[in-house]
Amino acid sequence: MSESTEEIVTLFGVICLGLMLGRITWRGISLGTSGVVFVALAAGHLGYAVPQTAGTVGIVLFVYCLGIGAGPSFLGMFLQRGRSLIMLAVCMIISAGLIAWGVAEMLGLSPGLAAGLFAGALTSTPALAAASERLPLDTEVAVGFGIAYPFGVVGVVLFINILPRLLPDRSRSTHGTNGNTPLDRSITRVLVDVTNPNVAGKRSRDLAIFAKANCQISRVMVNDKLQPPPASFQLETGQRILVVGAQCHIPEVVEVLGQECQDVDYVLDVERQHRRVVVTSKNVIGQSLKQLHLLSKFGVTISRITRQDVEFVPSPSEILQSGDALTAVGELRGLEQFVEFAGHRERTLEETDLISLLLGLTLGILVGHVNFAFGTLSVSLGLAGGPLLVGLVLGHMGHIGPIAGWMPRAARFLLSEIGLSLFLAQAGAQAGGQLFSVIQRYGVVLPLGAVIIVIVPLAVGVLLAKYVCRLGRLEAAGGICGAMTSTPGLGAVTSMVDSSIPSTSYAAVYPLALILMTILAPVLISQL
């Protein structure tokens, strides 16, 4: 077997084993794609190599898709509500960077090792990518990331469990009706037989339970067929309606309305009554669903919103953001009018514009190589910053000339995962040869440094949320998880609470945190 063939086999083998490792779940915690870096470290220690080009291509793909996904909501955060969450995220991330710098100075760590500890403690693979692109090939950045990452994942999850003691919330308990039993927040639909005479003649907006439970009536049974509710729809006894909401809230709504229909088969006319609409129009951005009056104007109900890969059932007060993917239910004519009013219909994976993708990547690489002079100092964005910046601008504007800035979620997710896997495999294998030498050189101080970098921003987040930003517990929990880019942490929150507030706060903070960490990692390197 030739050397090049062996490297390619190693590349795919490392990615495969790493993704398998990432799927292993322990008490709701898993490594995800980051499992690749741990397998790559082991492979590198054993003497296996991965093509250098794989890491370069991986960085460009990953950060470009990251920018495309974050672009629609990134700028909107500064123009809409959420200043408190922005302050929370900025202060937490800057404090983590300062602590990483202090730990590096005290322990005499190399810039690569310090940047790796910073990225791993905040579970930020974009920061790892940005740091790796700024450092020589024999850097220790992946070693630092591998050491700190487990502490970052576990630390946030443990912190979320003690947060109720640190940040009391007098409004209501953060636990559901089942005490400490995790709530099932998966979105489902249930056919309900309306039997309660007290709801007759009322609309869903007149019943507090719908707003409290964040549930929607998406269809009503007419002549044994499920149809979108008309603009003048009112509840009546004997009706059969389809209710959409979180599994843990559906029983509350059913209890108020009547009873769940048992053993009833129904078929949804998805193609004619359902659209996935991406919000890009100024007509709806910054407006709440209640203000838009979509049911009376278009006969359309918004049953779900996907924002930053977090899907939830919206309340009437939910404010729409650029890039939100809305699940709209209604008649064909009204749906088409709403698509034109709100943005454009989400395209399928087969309709991905590959020409725009390649042009965007090329433009990002060229921008990354432009040198910006500040007196005697000359800097460039590099392969991590250039594609990220172009992706952010394209994602926000929608297009630059012939280059489209929108990509179907499935395509963006796939390319992002491929890029991240390629990068982690190459970076981990490159650093694997130094793994044990670094551990022997520094010993237990590296894990201790990682723990400190995890704890300090969490403490800063709690203090700001409680005394400065005056955030509620649920909003603070989602914001803190977003600032730490901790999806396992968000999972821990949503398993304990009966509200969508943490998810929306997380989705608001997450893109800002990704961008700040990507910027701060090279800054940390330059100061060491």
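Because only heavy atoms are used, hydrogens play no part in the values below, and waters and symmetry mates are left out as well, while side chains stay in.
- Across every non-hydrogen atom of M517 and A127, the tightest pair is O-CB, 3.7 Å.
- Rounding to the nearest 0.5 angstrom, the gap separating the CG atom in L98 from the CH2 atom in W101 is 8.0 Å.
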Between I93 and L512, is a side chain to side chain contact (heavy atoms under 4.5 Å, CB included) present by the stated rule, with each step listed? CA-CA 10 Å; I93 295 168; L512 174 65; 6.0 Å; no
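- Formation of a donor-acceptor pair under 3.5 Å by the S132 side chain with backbone atoms of A129 is not found in this model.
- Counting only distance, with no hydrogens or angles, the side chain of T123 and the backbone of M484 share a donor-acceptor pair below 3.5 Å.
- Atom CD1 of I99 sits about 11.0 Å away from atom CD1 of I455, to the nearest 0.5 Å.
- In R441, the CZ atom is crowded: over 12 heavy atoms of neighbouring residues, nucleotides or ligands sit closer than 6.0 Å.
- T485 places a side-chain N or O within donor-acceptor distance of the main-chain N or O of L122, the cut-off being under 3.5 Å.
- Between L464 and the options V90, L88, L471, I480, a side chain to side chain contact (heavy atoms under 4.5 Å, CB included) holds for only L88.
- Within the 4.5 Å cutoff, side-chain heavy atoms of I418 are placed close to those of L414.
- S110 places a side-chain N or O within 3.5 Å of a backbone atom of L113 that can act as its donor or acceptor partner.
- Looking at I515 and L392, their side chains come closer than 4.5 Å, going by heavy atoms from C-beta outward.
- The structure places CG of L357 at 9.0 Å from OG1 of T362, a figure rounded to the nearest 0.5 Å.
- Here the CD1-CG distance, from I15 to L422, works out to 4.5 Å after rounding to the nearest 0.5 Å.
- In this view, A131 and A115, V141, A521, I525 satisfy the side chain to side chain contact (heavy atoms under 4.5 Å, CB included) rule, not counting sequence neighbours.
- In this structure the side chain of L320 reaches within 4.5 angstrom of the side chain of L326, judged on heavy atoms.
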Show your reasoning for whether side chain to side chain contact (heavy atoms under 4.5 Å, CB included) applies to L424 and L128. CA-CA 9 Å; L424 292 179; L128 174 63; 3.6 Å; yes
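- Across all their heavy atoms, I305 and P314 have their closest contact at CD1-CB, 3.6 Å.
- What you find for G479 and V509 is that their closest heavy atoms are O-CG1, 3.7 Å.
- Counting heavy atoms from C-beta on, the side chains of L109 and L446 come closer than 4.5 Å.
- Within the structure, side-chain hydrogen bond (donor to acceptor under 3.5 Å, both in side chains) pairs that include any residue of residues 57-69 do not occur (at least two apart or interchain).
- With sequence neighbours left out, the side chain to side chain donor-acceptor pair (under 3.5 Å) criterion links S356 to D353.
- Between I403 and L394 the shortest heavy-atom distance is O-CD2, 3.6 Å.
- Taking both residues in full, the closest heavy atoms of M87 and C469 are given as SD-SG, 3.9 Å, listed atom of the first, atom of the second, then distance.
- The shortest non-hydrogen separation linking L21 to G35 is CD2-O, 3.8 Å.
- Atom CD1 in I302 sits 8.0 Å away from atom OG1 in T327 (nearest 0.5 Å).
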Please evaluate residues F159 and V462 with respect to the criterion side chain to side chain contact (heavy atoms under 4.5 Å, CB included), reporting the C-alpha separation (whole Å), side-chain torsions for both, the decisive distance (0.1 Å), and the verdict. CA-CA 10 Å; F159 177 81; V462 169; 2.9 Å; yes
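- The line from CZ of F145 to CG of L117 is 11.0 Å long, rounded to the nearest 0.5 Å.
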